[in-house]
There are 2 protein chains.
Amino acid sequence: MSEDGNRLGAELSLRVVMFHEAIARRLGVSNSEHKMLDLVARHADGITPGELSAATGLSNAAVTKIIDKLVAADYVRRERSSRDRRSFRIRTTPHFQQTSRPTAAGLARRIEEMNQGFDQEELAAIGRWITGVIEALKVETERLESRGR
Amino acid sequence: MSEDGNRLGAELSLRVVMFHEAIARRLGVSNSEHKMLDLVARHADGITPGELSAATGLSNAAVTKIIDKLVAADYVRRERSSRDRRSFRIRTTPHFQQTSRPTAAGLARRIEEMNQGFDQEELAAIGRWITGVIEALKVETERLESRGR
DNA sequence: TAATTTGTTTCACCTTAGTGAAATAACAGG
DNA sequence: CCTGTTATTTCACTAAGGTGAAACAAATTA
């Protein structure tokens, strides 16, 4: 799956991006708001605005505004950090969890079903593969962002 | 890989989106321009502005402007369609192919390498799985866009 | 060949996303 | 406690991304 794999990967990438956007529209947030939301959601222990701007490359001001909108939508809340009272920990609200789950549920169910067609070894391989791809994406994104080619 | 698979999927999705954005920045185009570029790139035989607005949900005016920018960057060109001379076929330029390949090459190579760790059956399963996921994404995106839940 | 429709672009405009700089408030070190 | 620093927000502003309506030009139909 070499050259062919490349095409598959590109297609997957585009489809993921478009799905991501569709979810955003459904949640009533913009793409950057959704990305931010995703980032927050993946930190169960909360994440600070500063970390968010570092992670996204956006200015602090931009992050503040996005958080404001997410707070207004009741997807996220600010909790003053106990150790540093200048700072906040941003975390998702129950409302977000309840709202976001069903929107992605259709896809989850569909993939679930599809997975029935694979045996245990295959599923294990697929799991390993995805983990590897995530790592690769992380490293390569980093590389593209920072130093030249 | 059920609940766990969900988390993996979310992580994969976010990483893909962020990688996509990193590539866009590298190519010097905006996210929507990049999405459009991707869409064009996947149609070797070219695609019309009308089809592009249908595919993205953007207005014709928006598509025209994005194409203008992509043309200015020499990533894409308009070829008058032979059968309908009002219309164009948009296709990527050699310059795009030369520019875009190396930016994604790092990831491709890395995944290539990773694939060495899988045998033929596993790779085949992974390929089938990806194809299935793409289909699922397509259907679910469609569903989210159009009719309610 | 006139009338209508279709594909795309141009125009004038609005909204949203993002910025840098100043303001606020809490921290860390002497 | 001052002093300087750090985390975040507020403010005033610019630029991007988008829209609908009008304008064109080629295609289709009658």
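These values consider heavy atoms only, across backbone and side chains, with no hydrogens, waters or symmetry-generated copies. Only a predicted model underlies this, so the values are computations on that prediction, with no experimental measurement involved. Note on naming: letters A, B, ... go to the chains in the order of the sequence lines (proteins, then strands), and numbering restarts at 1 for each one.
- B:Lys35 has its side chain within reach of A:Glu21: a pair of non-hydrogen atoms, C-beta onward, lies under 4.5 Å apart.
- Note: CD1 (A:Ile67) to P (D:dT10) measures 11 Å, nearest angstrom.
- Between A:Asp38 and B:Val17 the shortest side-chain heavy-atom distance does not fall below 4.5 Å.
- When the C1' atoms of four end pairs are superposed on the next four at each end of the helix from C:dT1-D:dA30 to C:dG30-D:dC1, using five pairs per end, the two resulting axes differ in direction by 30°, to 10°.
- The neighbour count for B:Arg42 CZ, taken as heavy atoms of other residues, nucleotides or ligands under 6.0 Å away, is above 12.
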Item to complete: Would you mind building the protein contact string for nucleotides 10-23 of chain C? One character per nucleotide, 5' to 3', B for base within reach (heavy atoms under 4.0 Å), S for sugar-phosphate only, - for untouched.
Response: B------SBBB---
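- Distance CZ (A:Arg80) to C1' (D:dT6): 13 Å, rounded to an integer number of Å.
- Here the side chain of A:Ser13 pairs no donor or acceptor atom with the backbone of A:Gly9 at under 3.5 angstrom.
- A:Arg25 has its CZ atom 16 Å from the P atom of D:dG17, to the nearest Å.
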Practice prompt. Step by step, work out the salt bridge (charged side-chain N to carboxylate O under 4.0 Å, His left out) result for A:Arg109 and A:Glu113.
Written response: CA-CA 6 Å; A:Arg109 189 175 35 69; A:Glu113 269 172 40; 3.6 Å; yes
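- Rounded to whole angstrom, the span from the CZ atom of A:Arg85 across to the P atom of C:dA25 amounts to 13 Å.
- Atom CG in B:Leu70 sits 9.0 Å away from atom CD1 in B:Ile90 (nearest 0.5 Å).
- With rounding to whole Å, A:Arg83 atom CZ is found 18 Å from D:dT6 atom P.
- Side-chain contact between A:Val63 and A:Met36 is present, with at least one heavy-atom pair separated by less than 4.5 Å.
- In the interface, the side chain of A:Arg86 is not paired with the base of D:dT8 through any donor and acceptor atom under 3.5 Å apart.
- At a threshold of 4.5 Å between side-chain heavy atoms, the hydrophobic network of Ile, Leu, Val, Met, Phe, Trp and Tyr places A:Phe88 and A:Val71 in one connected group.
- In this structure, A:Arg77 contributes its side chain and A:Arg91 its backbone to no donor-acceptor pair below 3.5 Å.
- Whole-Å rounding puts the A:Asp84 CG to D:dT5 P distance at 17 Å.
- Separating the CD1 atom of A:Ile90 from the P atom of D:dA7 is a distance of 14 Å, rounded to the nearest angstrom.
- Per the geometry, CE belonging to B:Met36 stands 11 Å off C1' belonging to D:dG18, to the nearest Å.
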